[in-house]
2 protein chains.
Amino acid sequence: MARPRKALLDLGKIADTALELVDETGDFTVPEMARRLGVQTASIYHHVDGRSGIVELLRARLGDEIDSTTLDGQPWDAGLRAFAYSYRAAFAAHPHVVPLLTGEPVRAPVVLATYERLVLLMEQAGLPLELVMTALTSIENFILGSALDLAAPEVMWAIPSDVAAPRLAAALAAQSTSPSRADRAFDFGITVLIEACSKLLTHDGASPDGPSTS
Amino acid sequence: MARPRKALLDLGKIADTALELVDETGDFTVPEMARRLGVQTASIYHHVDGRSGIVELLRARLGDEIDSTTLDGQPWDAGLRAFAYSYRAAFAAHPHVVPLLTGEPVRAPVVLATYERLVLLMEQAGLPLELVMTALTSIENFILGSALDLAAPEVMWAIPSDVAAPRLAAALAAQSTSPSRADRAFDFGITVLIEACSKLLTHDGASPDGPSTS
DNA sequence: ACCTGAACACCGTTCAAGT
DNA sequence: ACCTGAACACCGTTCAAGT
């Protein structure tokens, strides 16, 4: 065979296969991908820069699933909230990908554009410029930590039998079950982080409330 | 040689070597450890349950570095804050270990005992029991996400030259440099999350402004 | 440019053999 | 119980050879 008239492989197929494999088995392997693609292992190396190149493909793929339109026609806090939810939803759809992505967060062009828009909105709302990255970084870290939580099993607070922790056990038992533990924790955290941002605004524009005088 | 009169290996040495290797090179390998220990690769398998057993050793090691005495003789919020800082400090000392630990958080006995004590304190302070795990989970996720951030290079918001993001660039430039970006983001988030917890308290105990019913 | 087939170094793990 | 030496399956990566 050697070189076929039409290429057997392209980045899309490679990304698809890697994502499939990670979703199904929790990880991927270059030979495993080659088998699925009906191709030699070496062939894949003609398209990507090794295994880490495939991880970059996955990072970009997740980034593309993040909805970047959430910032238009909304106040900045609602937009930020929607962005956070969309960011996490992209991870939630492929929880096993997240551990492969640690070390560097998603910085796809779409995501970068969203951050640019966010910075602008927060600035205009009155958040001091030197606080903007602090706020966004803490929110991003929270999202990433929450995403990792998604890959963990739901009942993971199993208390070893040789440890006495009655109140912890009671708190675990007292959790309502409808939204998952992870969902509730995410909502709680993202809500308070965004609220905290709005309290840092210097109300030099028109602002209804505030602890000035009443 | 075969079996020496005194064992060459023990869990302490194995954990030490793995930690050394991860701190120096970012990862560890069983044969690499064996070389450092002056021992055959197979010997290590007589002490731990494979590579994942070594990861568990590292998880426990990090857990032991967390200071669990922070909760005594302090109000719950100061204790929780100290615990969070200590938790993160343990990660900060060995940032490359963190990615190996994702999937399951640290649940060493010390940490579990701290959580037990925290739940008790928060309950007594008046936090509704069904909210306790939500609050603690979101804080733990935030800590984990922040810890991962520590393994990332300080200047990681490099904006690709083909992307225009002037306000993002300005926000990055406007950051003060004294405490690191990661430190500031951590402090911001942990402060806000704990404050949010204290607002959820139902002041039915001895409380200055609470409604008087018992 | 793109695929094959074969190769290489290396890793995780097992196991019989020795004390 | 604990270590060795040798083995096995598998992985990531490279490369000459073919079209």
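Small disclaimer: the values here were computed from a predicted structure and weren't measured. Scope of the values below: all heavy atoms of this structure, side chains included, with no hydrogens, waters or symmetry mates.
Scanning for side-chain hydrogen bond (donor to acceptor under 3.5 Å, both in side chains) contacts around Tyr85(B) gives Asp187(B), with sequence neighbours left out. Residues that satisfy the side-chain hydrogen bond (donor to acceptor under 3.5 Å, both in side chains) test with Thr69(B), not counting sequence neighbours, are Asp67(B). When the ring-ring contact (aromatic ring centres under 6.0 Å, His included) test is applied to Phe83(B), the partners found at least two apart in sequence or on another chain are Tyr87(B), Tyr115(B). Residues meeting the ring-ring contact (aromatic ring centres under 6.0 Å, His included) test with Phe188(B), sequence neighbours left out: none. Among residues two or more places apart in sequence or in another chain, the side-chain hydrogen bond (donor to acceptor under 3.5 Å, both in side chains) test is passed with Asp77(B) by none. When the side-chain hydrogen bond (donor to acceptor under 3.5 Å, both in side chains) test is applied to Asp72(B), the partners found at least two apart in sequence or on another chain are Arg117(B).
Atom CG of Asp10(A) is surrounded by more than 12 heavy atoms from other residues, nucleotides or ligands within 6.0 Å.
Nucleotide dA16(D) holds its P atom 18 Å from the CD atom of Gln40(A), rounded to whole Å. Rounded to a whole Å, the NZ atom of Lys6(A) is 10 Å from the P atom of dC2(C). A straight line from CD1 of Ile44(A) to P of dG12(D) spans 10 Å, rounded to a whole angstrom. Distance Leu37(A) CG to dC2(C) C1': 14 Å, rounded to the nearest Å. As a whole-Å value, the separation of Leu9(B) CG from dC2(D) C1' is 9 Å. Computed from coordinates, the Arg35(A) CZ to dA9(D) C1' distance equals 11 Å when rounded to whole Å. Rounded to whole Å, the distance from CZ on Arg5(B) to C1' on dC2(D) is 14 Å.
Identified under the salt bridge (charged side-chain N to carboxylate O under 4.0 Å, His left out) test for residues 95-107 of chain A, with sequence neighbours left out: Arg107(A)-Glu140(A). Within the structure, side chain to side chain donor-acceptor pair (under 3.5 Å) contacts touching residues 36-45 of chain B (residues at least two apart or in different chains) are Glu20(B)-Arg36(B), Glu24(B)-Arg36(B). Applying the salt bridge (charged side-chain N to carboxylate O under 4.0 Å, His left out) test to residues at least two apart or on different chains, the pairs with a partner in residues 162-176 of chain B are Glu123(A)-Arg167(B).
Checking the phosphate oxygens (OP1, OP2) of dC3(D), a side-chain nitrogen or oxygen of His47(B) falls inside 4.0 Å. Using a 4.0 Å cut-off, no side-chain N or O of Ser43(B) falls inside it from OP1 or OP2 of dC2(D).
Secondary-structure stems of DNA chain C, taken as three or more successive Watson-Crick or G-U wobble pairs (i with j, i+1 with j-1) under a 3.5 Å distance threshold, comprise C:4-8 with D:12-16, C:12-16 with D:4-8.
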Every protein N/O lying under 3.5 Å from an N/O of nucleotides 13-15 of chain C:
| from | atom 1 | to | atom 2 | distance (Å) |
| --- | --- | --- | --- | --- |
| dT13(C) | OP2 | Tyr45(B) | OH | 3.0 |
| dT13(C) | OP2 | Arg51(B) | N | 2.8 |

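For the residue pair Arg184(A) and Ser138(B), no side-chain donor N or O sits within less than 3.5 Å of a side-chain acceptor on the partner.
Listed in residue order, the members of residues 11-29 of chain A having a heavy atom less than 4.0 Å from DNA chain D are Thr29(A).
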